[in-house]
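Working notes for the structure below.
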Amino acid sequence: MASNAGFICAICKLPRACENEIDNKKCPFCAKGFGRADVARRHALKCPSRAGRSLPQIKRGRRLRACDSCCRSKSSCDSKVPCARCSQRGKTCTYNSLCTDPAHASKTRSEHGDEANRTTKTPSRLPFLLQSTDPSKGFEDLMAAVAAAEPHMKQTDPDLESTEVLAWSADTIDPRILHMDFSAMLFADDDLMLSSYGQGDRACTAVSPARVDTLMCELESVLAFKPRLRDGFTQSLDQGFFTATHFQRALDTCSRRRQCYHTTFIHWPTFTPDKSPLALLLALVLIGTAYLTAGDDLRGWPSPSLNQSLVELSEKYTFTELKRYTTRAAGDLDDFLPACQAANMIVSLQCSIGTPETRRRMACERQPAVVAAARAAGVVGAAHSPCGETEWTDFVHREACIRLVTSAFTNDTLLTCFFNHPPSMAIAELSGSMPSPNEVWHAESEAEFHAHTHHLEELQGQVSFSEAINALMSEEAVYAEAGLGKLSLSQLHVTVLGFQHVIFNYKASMLPKSGLATIVRALDRWVLLWATALDRIEPHDRKWLGIAKYAPEIALISRKVLETILREQEGEMSYFRRIANYDSSAFHEIVCHYTKEAEASV
């Protein structure tokens with residue numbers, strides 16, 4: 001008996017029979033029956049009714065108790081009341097060695113509830129990092145975790161800033177991670193699919209087939225220099241990737257996830273697919289396809305899958321365009337900014353789904369190229385004008401620059417944190433404004449923008465990210481005067497990521513360890529600021545925060561790393577050897593180490 005074998009009836013003192021045990025030969029989502037348990041589990045992995053839910057845990061091994069009839073015939077028994085064998089034969093199912101009285105169940109469970117809770121395995125304190133850094137996981141597993149962390153926004157949802165955050169303390173973090181499946185199909189009749197898709201489902205203006213054809217021809221020209229990528233490109237053509245229908249679905253998926261990590265710097269109210277540069281259009285479609293393969297399609301349609309050849313071809317095309325725009329006049333930002341946005345998204349995507357060699361290329365070549373281009377264009381350190389002088393178009397341009405630099409810095413810190421790669425950006429470069437609230441950024445019109453300008457007035461005099469990090473590491477008087485208590489959760493997310501550069505410098509240099517205590521104190525202050533920011537959000541407004549909800553895990557693992565260095569307990573863990581490792585195995589090793597350490601201490 002699997003689940004209730006340890007429960008002893010408080011009245012008759014016999015073990016309780018298992019009344020609600022999972023049937024291994026049935027799908028737990030659609031209840032379809034199978035002849036074998038392994039066939040049922042394979043079906044459950046791809047069941048359409050799964051809807052992102054995790055599979056139930058099945059305890060393996062022989063059953064310790066059977067009903068009287070199965071025991072006499074030495075037959076297999078599922079220990080249910082009645083069991084399956086007795087039900088099929090119309091026999092009375094009895095358990096002389098078990099308690100089957102339903103009146104005894106509630107009392108037994110209540111008395112043993114505390115004991116069951118005590119014996120349950122302690123949940124991991126770093127579940128998202130365990131999932132996202134595991135080098136054995138495939139692309140679909142990682143994208144499923146990211147998709148679960150960033151639930152999409154329906155088109156009718158009025159609140160783009162709403163966030164859902166689990167209550168967090170320094171001792172436990174338990175976010176929900178869903179596991180979803182992906183598939184691909186060929187769209188045989190693109191015009192028919194476009195008409196069935198419907199205008200009501202579109203989150204942005206329609207994509208013209210001519211625009212898709214132009215982009216396809218551009219990529220064909222790049223294949224002349226990358227012939228080894230042609231097979232992957234042809235596969236994408238066969239699956240229907242380069243169709244107006246798929247482009248529309250991918251863009252709408254990105255638009256519904258506009259508050260999320262990969263595309264937060266895109267201004268969707270003014271975005272027009274047929275007028276945007278082809279590199280930006282391509283990058284957005286790739287990001288949208290990655291989410292679609294993770295199951296993020298409201299209609300449940302299959303989607304063309306990404307392959308490494310297509311993404312690498314897109315990478316080559318995007319960075320060629322970035323280089324072309326960078327060599328132009330420094331003041332020509334209208335074309336440069338979308339090219340830099342596209343390049344930044346390619347870096348994010350390749351670091352998420354690429355091979356170790358691809359990640360090395362992103363860290364050593366592509367990320368520095370994005371940062372260098374942003375510096376050359378003068379967008380690093382961009383700040384807003386005083387509130388009274390702000391026009392909508394000027395605000396959108398400046399905010400896009402600010403959000404682009406923030407996203408590039410986030411990519412840089414994650415490369416440093418996960419792969420031990422030296423930083424490409426300095427914390428001091430984040431001296432401009434912090435990103436504005438999403439209510440202002442996502443305003444659909446100039447009138448709506450001016451209706452939300454009071455949010456901008458509240459940001460007057462707010463510190464920059466570099467000032468916030470410096471204040472957290474300063475003495476008490478300076479920290480108290482900095483006024484960090486008003487920082488939002490998303491701003492605190494970027495702030496704690498900024499500490500990865502500081503920690504890396506201590507790991508990679510001969511700086512005195514006395515300074516590490518200052519960083520530990522700063523992280524403790526950050527924990528209090530996070531709790532304060534979380535308390536400001538009403539429970540019914542805690543719907544979406546995206547990947548930022550796992551910022552406490554970054555703070556926790558950072559503190560553990562510092563404590564290990566202070567105590568000189570690095571041992572043989574390769575993460576502390578200060579050597580870059582682009583398959584994330586070194587970082588995953590320390591996450592597993594600290595997780596087991598926490599479980600052993602319970």
Side-chain angles (χ1 to χ4, degrees), residues 160-161 204-205 251 254-255 258-281 283-284 318 321-322 324-345 348 370-411 425 429-460 462 464-465 490-491 494:
L160 303 179
E161 180 70 8
C204 63
T205 56
L251 290 175
C254 284
S255 180
R258 63 182 67 182
Q259 81 283 1
C260 296
Y261 161 61
H262 291 290
T263 62
T264 183
F265 44 78
I266 301 297
H267 191 244
W268 290 100
T270 58
F271 175 78
T272 306
D274 286 349
K275 294 182 180 180
S276 66
L278 291 175
L280 179 61
L281 179 63
L284 286 170
T318 300
E321 291 294 289
L322 177 64
R324 182 164 66 90
Y325 287 125
T326 304
T327 56
R328 293 183 178 182
D332 187 12
L333 290 178
D334 291 338
D335 291 331
F336 163 77
L337 189 59
C340 200
Q341 290 173 333
N344 188 73
M345 283 188 281
S348 300
V370 172
V371 174
R375 288 171 180 155
V379 300
V380 176
H384 284 298
S385 303
C387 185
E389 305 173 8
T390 302
E391 295 296 331
W392 188 41
T393 54
D394 179 64
F395 166 79
V396 169
H397 174 74
R398 290 177 181 268
E399 182 69 12
C401 294
I402 293 169
R403 287 177 175 246
L404 172 62
V405 173
T406 303
S407 179
F409 180 75
T410 300
N411 282 344
M425 294 185 70
E429 291 184 292
L430 268 73
S431 57
S433 302
M434 289 187 177
S436 301
N438 283 344
E439 293 95 338
V440 188
W441 173 238
H442 292 303
E444 298 285 344
S445 64
E446 188 170 0
E448 185 178 346
F449 165 73
H450 287 295
H452 290 290
T453 52
H454 64 278
H455 291 290
L456 295 180
E457 295 174 358
E458 296 172 358
L459 298 180
Q460 293 299 311
Q462 188 181 61
S464 64
F465 283 117
S490 58
Q491 292 168 342
V494 179

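Position 1 is the first residue of the sequence, and the numbers go up from there. As the structure is a computational prediction, the values presented were derived from the model and not from experiment.
- For Phe409, the ring-ring contact (aromatic ring centres under 6.0 Å, His included) criterion is met by His501, not counting sequence neighbours.
- Residue Thr318 holds its OG1 atom at 8.5 Å from CE of Met345, rounded to the nearest 0.5 Å.
- Residue Asn344 holds its CG atom at 4.5 Å from CZ of Phe265, rounded to the nearest 0.5 Å.
- Taking both residues in full, the closest heavy atoms of Val370 and Ala408 are given as CG1-CB, 4.5 Å, listed atom of the first, atom of the second, then distance.
- At least one side-chain heavy atom of Phe465 sits under 4.5 Å from a side-chain heavy atom of Thr406.
- Nearest heavy-atom pair across Ala342 and Ala279 is CB-O, 3.5 Å.
- Between Glu321 atom CD and Leu280 atom CG the span is 11.5 Å, to the nearest 0.5 Å.
- Taking every heavy atom of both residues into account, Arg403 and Thr264 meet most closely at NH1-OG1, 3.0 Å.
- At a threshold of 4.5 Å between non-hydrogen side-chain atoms, the residues Thr393 and Thr270 do not count as touching.
- Remark: Leu322 CG to Gln341 CD distance equals 11.5 Å, nearest 0.5 Å.
- Under the 4.5 Å side-chain criterion, counting only non-hydrogen atoms from C-beta, Glu446 is in contact with Glu391.
- Side-chain contact between Leu281 and Leu251 is present, with heavy atoms from C-beta onward closer than 4.5 Å.
- In this structure the side chain of Phe336 never reaches within 4.5 angstrom of the side chain of Pro277, judged on heavy atoms.
- When side chains are defined from C-beta on, Pro338 does not count as touching Tyr325, because their heavy atoms never get closer than 4.5 Å.
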Going by atom type alone, with no hydrogens or angles, which donor-acceptor pairs under 3.5 Å involve a side-chain atom of residues 372-384 and a protein atom two or more places apart or on another chain?
unit_1	atom_1	unit_2	atom_2	d
Arg375	NE	Glu429	OE2	2.7
Arg375	NH2	Ser424	O	2.9
Arg375	NH2	Glu429	OE1	2.9
Arg375	NH2	Glu429	OE2	3.4
His384	NE2	Glu399	OE1	2.6
His384	NE2	Ser436	OG	3.4

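- Taking CG from Leu337 and CG from Leu404, the interatomic distance works out to 6.0 Å, rounded to the nearest 0.5 Å.
- Take Val396 and apply the side chain to side chain contact (heavy atoms under 4.5 Å, CB included) test, not counting sequence neighbours, and it matches His267, Trp392, Trp441.
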